[in-house]
Structure formats: structure tokens, C-alpha cells
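Letters A, B, ... are given to chains in the order of the sequence lines, protein chains preceding strands, and every chain is numbered from 1.
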There are 2 protein chains.
Amino acid sequence: MVQKIQPVERCDCEVIHEDTVNRVREKMPLEETLYDLAELFKVFGDSTRIKILWALDEAEMCVCDIAVLLKMTQSAISHQLRLLKQAALVKSRREGKIVFYSLEDEHVKQIFDQGLIHISENKE
Amino acid sequence: MVQKIQPVERCDCEVIHEDTVNRVREKMPLEETLYDLAELFKVFGDSTRIKILWALDEAEMCVCDIAVLLKMTQSAISHQLRLLKQAALVKSRREGKIVFYSLEDEHVKQIFDQGLIHISENKE
DNA sequence: ATAACATATGAATAGTTGTTCATATGTTCA
DNA sequence: TGAACATATGAACAACTATTCATATGTTAT
């Protein structure tokens, strides 16, 4: 969602001082980097895509096999694979009629693992 | 988004066999786990929340300071902090009128780092 | 060329989400 | 108690997104 920049009055609570705010602001990564990071995690933020990535971590698969595996339509899977490819999380190769998808690199698994650790430590 | 389960006809492409699909399906984590994982990453998938988390990694801060830092309204920040707290990514403590927020644990930083590695290797 | 198959894609739609606005809750101090 | 301040929250709205449906593109075999 596009967010408007909102003028903000400084509040009176002098918890961290003006210069501390400035220090934190200076240490923050570029706006663009933080945006890209959010865009990346947004891709992970859907259970269909999570399932596809998980499946591809097990085996290289074609579109229709993923559709069968996840009990979803070919179209839905294809749309999601496009997003995953744009995010450089999966790659594809064509062999005749069939297009094979696989993970682009090892980061996916590592990001998953960090997430799983967090979940396992916070389940109720 | 709630997704209907769609009946799918097995396609003719015998890329991975029926039993391979079954093997992959058996090795997949529980539906619930994958859903929780997606929910977690969804929280990371917004640049406002990414910025808040990044700021809190630098220093414990109160709501209004975060609002000043990010040049956003107190209300918007407060809403997002609620989501972050529900996801067990931040914790809060009250000191009089002021509520301090800080990171819940070290996972946040580690998940960020994995994401940044991926981004840095795939920027155009 | 034509049929059959695998995949991709545009449009439409229903469901979701981030921000704003108004207001409520909780705390301190006079 | 009442005023001032910090934060929380519900409702509303605009923007976004995942799936579906229909159809297009690309490939193979006859």
C-alpha cells in the first residue's frame, strides 16, 4: 500500500532524545533496501507460495504436478510461480511441452528455518 | 485469503510419478505449520513494520518516538505494533504514561539478515 | 496443418490490509 | 476531580491480492 508521508509533531515524552532519534535514523538502511526487504517477505507471506517453495525444495517439479500436489488449479499455480520467479526464488527450464521449476538458491531453506525456529518457540 | 480446495485432474505429464507426489506430500510439514509460517512472513511483508523492527533493534523506544522517527501518525504506529506483538516479534513494558517497545528476541535480526543476503545477490 | 497437451496471462471479483479519523482508555499532576 | 498527555482501538475507505474463468501461446506428434 502506498503511504503518504505525514507531518508529525514531536511529542513531549523525552524518552530518547532528539539526537538519539537522529542517530537511529542515520543507522537505518536505505529506504529502498527496507522496501525491497518487505517486498521479499511479502512473497513468503502466502501459504500457497510457501507450499510451492517447500515442494520444490524436495524435488524439481512441473506446473501440473505442483497443481496435483497442492490440489489447486494449474492457473493459480502458474500465477504464483510467476511471482516467485520475479522474486528470484525459483527458476525454470523448459523441456518440450513441460516447464520444470526448482529453487533458485539455498536462501529459501535458510529463511524458512529461521521462521520455523521463531514459530516453534512461540506456539501456544 | 481463504482458498477453496479445487478438485484437480491428474495431467498426463509423467514427470514425477504418482508415488513421488505422494512422497513429497508426506514429507511436507503440517498444513497448519505452513500456514503459521506464511502468517509470520506476512508480518515482515510491510515496510512500515520492517522499519519499526529495525528501529527497535537499535534501541528500545516509545510509540511517539517511533512515530517521529518514521514520520507517521501515532495511530498508524500503534496499530502496527499490535500486529507485531501478536506475532511475538516485539514486547512492551509500561512506565507511567509511556509504553516502551523492544524486540522480543534475536530471530528478527537473523531473519532480516537472510533476506538481505538474498536481496544483495539478486539486485539488478 | 491440425489436434492434443502444458503452460501463461488478462480481466474480473471477492477477500484482505494499511492508514486515517474520531474517540476511548490509562496515567500523572495540579 | 479535572486537565493534559501517551497510547489503544473501532469504523471506514482506498489500495492491494489470490483465485477463477476464458483464452492465448508454445510444443509435439500425426
For this session: Measure from the side-chain heavy atoms of B/Arg49 and tell me the nearest of C/dT7, D/dT20, C/dG18.
Result: C/dG18
Exercise. Nearest of C/dG26, C/dT7, C/dT17 to any side-chain atom of B/Arg94?
Worked result: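 Per side-chain heavy atoms of B/Arg94, the pick is C/dG26.
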Please state how far atom [atom1] in [X] lies from atom [atom2] in [N], giving the value in whole angstrom units.
X	N	atom1	atom2	result
A/Gln80	D/dT17	CD	C1'	9 Å
A/Leu70	D/dT20	CG	C1'	17 Å
B/Asp46	D/dT17	CG	P	11 Å
B/Ile66	D/dT7	CD1	C1'	12 Å
B/Arg93	D/dA8	CZ	P	14 Å
B/Phe41	C/dT17	CZ	P	17 Å
B/Phe100	D/dT7	CZ	C1'	13 Å
A/Lys97	C/dC5	NZ	C1'	4 Å

For this session: Classify the side chain of A/Ser75 and the base of C/dT9 as holding, or not holding, a donor-acceptor pair under 3.5 Å.
Result: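 Pair found.
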Problem set entry | C/dA8 base / A/Gln74 side chain donor-acceptor hit below 3.5 Å | yes
Exercise. Touch check for A/Tyr101, heavy atoms < 4.0 angstrom, all strands: base, sugar-phosphate only, or nothing?
Worked result: sugar-phosphate
For this session: Using a 4.0 Å heavy-atom cut-off across all strands, classify A/Leu83 as base, sugar-phosphate, or nothing.
Result: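 Sugar-phosphate contact only - A/Leu83 comes under 4.0 Å of backbone atoms but never of a base.
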For this session: Using the six-membered ring wherever Trp is involved, compare the ring planes of A/Phe112 and A/Trp54 and label them parallel, tilted or perpendicular (cut-offs 30° and 60°).
Result: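 Aromatic pair A/Phe112/A/Trp54 classed parallel.
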Exercise. Parallel, tilted or perpendicular: which describes the rings of B/Phe41 and A/Phe41, with under 30° parallel and over 60° perpendicular?
Worked result: parallel
Exercise. With centres under 5.5 Å and planes under 30° as the test, does B/His79 stack with D/dT9?
Worked result: yes
Problem set entry | Listed partners of B/Glu104 passing side chain to side chain contact (heavy atoms under 4.5 Å, CB included), at least two apart | B/Lys91
Problem set entry | Whichever of A/Glu95 and A/Glu39 has its nearest DNA chain D nucleotide further upstream toward 5' |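 The residue mapped nearer the 5' terminus is A/Glu39.
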Exercise. With nearest nucleotides of DNA chain D determined for B/Ser78 and A/Gly45 from heavy-atom distances, which residue corresponds to the more 5′ nucleotide?
Worked result: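 Nearest nucleotide further toward 5': that of B/Ser78.
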Exercise. Would you say B/Leu53 and B/Leu83 are hydrophobically clustered, going by side-chain heavy atoms of ILVMFWY under 4.5 Å?
Worked result: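 In one cluster with B/Leu53: B/Leu83, no.
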Exercise. Taking 4.0 angstrom as the limit, do B/Glu39 and B/Lys42 come out as a salt bridge?
Worked result: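 Judged by the 4.0 Å cut-off on N to carboxylate O distance, B/Glu39 and B/Lys42 do form a salt bridge.
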